[in-house]
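A short worksheet on the structure shown next.
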Protein chains: 2
Amino acid sequence: MKPMSNHEGFVLRLENFLPYRLVVAASLVSQATARTYATKYGIGIAEWRVIAQLGEFGTMTAKQIGTRSHMHKTKVSRAVATLTRKKMLAKRANRDDKREAFLSLSPIGLEIYESIAPAAQALSQRMFGEVSAEDRAAFERVLDTVTARAAALADTGAELPD
Amino acid sequence: MKPMSNHEGFVLRLENFLPYRLVVAASLVSQATARTYATKYGIGIAEWRVIAQLGEFGTMTAKQIGTRSHMHKTKVSRAVATLTRKKMLAKRANRDDKREAFLSLSPIGLEIYESIAPAAQALSQRMFGEVSAEDRAAFERVLDTVTARAAALADTGAELPD
DNA sequence: GCAAAGTAGTTACAAATGAAACCAATGTCA
DNA sequence: TGACATTGGTTTCATTTGTAACTACTTTGC
């Protein structure tokens, strides 16, 4: 599409601008998944991400969950609180450091995990399914370098929405 | 990294899970850019996106801006309001349809655009600069298909296969 | 041992957000 | 024409979010 700008200077073509396209794509993906998790499983994105971490790694502190998932610590704290209220999490005190606690999935939480994880996989398949193996590999490479670069640039502090 | 889960069923490896990686990458990119725009130009992401659209296309209605940029209409409305307050936008009534108005950049808005656009380009270069042309092309292809798929899933509210 | 500095996690508060109600103008169709 | 649906855009309201302040605990340096 040709830009119709009425000025002479620098013109940024958003439709070719990768940061913009990346953010738009991610926000659509995020919406689609959020909707599915919410309507079919009554669970928010932050909660799901906590469950997913614990489902994969078994036992973690809130801090570790936050670091691994790039979630703000207040978001983790709140997600953990609601999941605890819903009896999906088990919290075990750490005797060697009473500030933190070891979190893991309760039987109910595990049940949820075991039902959502394949559904998430299927949803991913629907979004990325028709991508060739080569393109997929390239895509992953680019995601890696960009993630590293952007993390370095964003470094001085702030955190993620979804 | 090896999963340490203590259960036997399905395990989703988030570090290989594309939707997740996409969202994380985008959110880091978004943060990095937001920070730059905010601190260096005193402008928010939504406002910048409105400016960017108008800088590229000259004149648009709020509806068109929303559609092209995938922004919620209230977000567009608010961004337009603050930009108008800052005298960065010119609003011209549409005589043929009094509900909408034609928006474009004022001289001040254009000045901002001309100063941010190259900075955005430079920032993008820093994030995607070391990506090869082939990988970049593949990346764009994948973004396109995923954007289309996710958009379809997001607004139909399609269900998951069971 | 102890004060100062740092860390895990929670909470208070203010800003950003989206769903839904709303307003004014336009389109539709009998 | 005139009722009714629709659309562009704004506003209201409840929720979500992040920043900063805070609590409780731990580490460091002396």
Side-chain angles (χ1 to χ4, degrees), chain A residues 23 26-28 30-32 34-35 37-39 42-50 53-54 59-85 89 91-103 154-162, chain B residues 23 26-28 30-32 34-35 37-39 42-50 53-54 59-85 89 91-103 154-155 157:
Chain A
V23 168
S27 120
L28 290 169
S30 188
Q31 266 183 256
R35 170 192 287 266
Y37 297 161
T39 63
I43 213 169
I45 282 257
E47 285 78 30
W48 159 242
R49 277 165 75 165
V50 168
Q53 293 288 340
L54 295 176
T59 295
M60 308 170 82
T61 67
K63 180 72 196 299
Q64 292 174 318
I65 293 173
T67 307
R68 281 202 54 90
S69 65
H70 290 101
M71 275 199 282
H72 193 276
K73 66 177 183 169
T74 62
K75 218 174 192 175
V76 174
S77 173
R78 284 159 182 153
V80 166
T82 76
L83 290 172
T84 303
R85 203 178 332 108
L89 252 57
K91 196 177 286 201
R92 181 165 50 82
N94 177 4
R95 184 156 286 205
D96 295 339
D97 187 342
K98 287 173 198 155
R99 290 170 304 182
E100 64 186 15
F102 296 126
L103 302 168
D155 226 354
T156 352
E159 280 311 306
L160 309 179
D162 213 5
Chain B
V23 168
S27 118
L28 289 168
S30 187
Q31 264 184 258
R35 172 180 296 263
Y37 298 162
T39 64
I43 213 168
I45 281 257
E47 286 76 30
W48 160 243
R49 277 165 76 165
V50 168
Q53 292 289 339
L54 295 176
T59 295
M60 308 170 83
T61 67
K63 179 72 195 297
Q64 292 174 317
I65 293 173
T67 307
R68 282 200 54 89
S69 64
H70 290 102
M71 274 198 283
H72 193 277
K73 66 178 183 169
T74 61
K75 216 174 195 176
V76 175
S77 173
R78 283 158 182 153
V80 166
T82 76
L83 290 172
T84 304
R85 203 176 333 107
L89 252 57
K91 197 177 286 201
R92 181 166 50 82
N94 177 5
R95 182 156 290 203
D96 296 338
D97 185 342
K98 287 172 198 155
R99 289 170 302 183
E100 63 186 17
F102 296 127
L103 302 168
D155 67 22

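Letters go in sequence order (proteins before strands), and every chain restarts at 1.
With hydrogens and angles ignored, no donor-acceptor pair under 3.5 angstrom links the side chain of Arg78(A) to the base of dG9(C). Counting distance only, with no hydrogens placed and no angle test, the side-chain atoms of Lys73(B) and the base atoms of dG9(D) include a donor-acceptor pair under 3.5 Å. Applying the 3.5 Å distance criterion, the base of dT26(C) shares no donor-acceptor pair with the side chain of Arg99(B).
Regarding Lys91(B), its NZ atom lies at a distance of 11 Å from the C1' atom of dG8(D), rounded to whole Å. Across the protein-nucleic acid pair, Ile45(B) atom CD1 and dT17(D) atom P stand 17 Å apart, rounded to whole Å. The CD-P distance, from Gln31(A) to dT17(C), rounds to 14 Å in whole Å. Between the CG atom of Asp96(A) and the C1' atom of dT27(D) there is a distance of 14 Å, given to the nearest Å. A straight line from NZ of Lys98(A) to P of dG6(C) spans 23 Å, rounded to a whole angstrom. Summarising the geometry, the separation between NZ on Lys75(B) and P on dA16(C) is reported as 11 Å, rounded to the nearest angstrom. Nucleotide dT7(C) holds its P atom 17 Å from the CG atom of Asn94(A), rounded to whole Å. Remark: C1' of dT17(D) and NE2 of His72(A) are 9 Å apart, rounded to the nearest angstrom.
Here Gln53(B) contributes atom CD and Arg49(B) contributes atom CZ; the two are 8.0 Å apart, rounded to the nearest 0.5 Å.
Contact annotation: Ser77(B) side-chain N/O to dT10(D) OP1/OP2 distance is under 4.0 Å.
Between Leu103(A) and the choices Thr59(A), Ile65(A), Leu83(A), Thr61(A), the side chain to side chain contact (heavy atoms under 4.5 Å, CB included) rule is met once, by Ile65(A).
Between Arg95(A) and Leu103(B), it is Leu103(B) whose nearest contact on DNA chain D lies nearer the 5' terminus.
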